[in-house]
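Have a look at the structure below, then the notes.
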Amino acid sequence: MEADGTDRKTPLTNAEKQKRYRERQKSLGKKEVRGYLNDEALKCYQLISEQTQWTDSKILTNALRLTYAAYKNGQIGLLSKWLQKHNL
């Protein structure tokens with residue numbers, strides 16, 4: 001406590017803010033997933049981002065959900081063949 005009776009907190013650094021954000025997301029049951037994109041995937045990402053205005057998290061979430069839907073509906077082979085045929 002300061003001499004004038006006020007509490008002064010030291011501002012958080014960016015690293016501390018990021019750590020708190022990750023901890024909050026984890027406490028909400030969310031999982032962080034990271035990876036590197038090859039050239040083809042990066043082009044797809046850029047197009048999707050421009051067309052939809054989705055965040056990185058939304059793009060990844062929807063990509064996983066769509067892949068899972070293809071799997072559950074027996075279409076994962078068809079999806080894989082399409083990706084190979086179109087060099088994606």
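Small disclaimer: the values here were computed from a predicted structure and weren't measured. Residues: numbered from 1 along the sequence shown.
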Cluster question for you: counting only ILVMFWY and a side-chain heavy-atom cut-off of under 4.5 Å, with indirect links fine, are W54 and Y45 together?
yes

Can you check whether Q75's main-chain N or O pairs, donor with acceptor, with N73's side chain at less than 3.5 Å?
no

Less than 4.5 Å apart, any side-chain heavy atom of Y21 and any of Q18?
no

Under-4.0 Å salt bridge between R34 and E32
yes

From L42 atom CG to Q46 atom CD, the distance as rounded to the nearest 0.5 Å:
4.0 Å

What's the separation between atom NZ in K85 and atom CG in L78, rounded to the nearest 0.5 Å?
10.0 Å

Can you name the nearest heavy-atom pair linking A70 to L79, along with the distance?
CB-CD2, 3.9 Å

Minimum side-chain heavy-atom gap K72-Y68 below 4.5 Å
yes

Report yes if some heavy atom in the side chain of R20 is under 4.5 Å from a heavy atom in the side chain of R24; otherwise report no.
yes

Roughly how far, to the nearest 0.5 Å, is SG of C44 from CG of D39?
11.0 Å

From the options T67, L60, L66, select the one residue that forms a side-chain contact (heavy atoms from CB on, under 4.5 Å) with L64.
L60

Donor-acceptor pair, side chain of Q51 and main chain of I48, under 3.5 angstrom:
no

Roughly how far, to the nearest 0.5 Å, is NZ of K58 from CG of D56?
13.0 Å

Interatomic distance, K43 atom NZ to N87 atom CG [nearest 0.5 angstrom]:
10.0 Å

Which atom names give the shortest non-hydrogen contact between Y71 and I76, and what distance separates them?
CA-CB, 4.0 Å

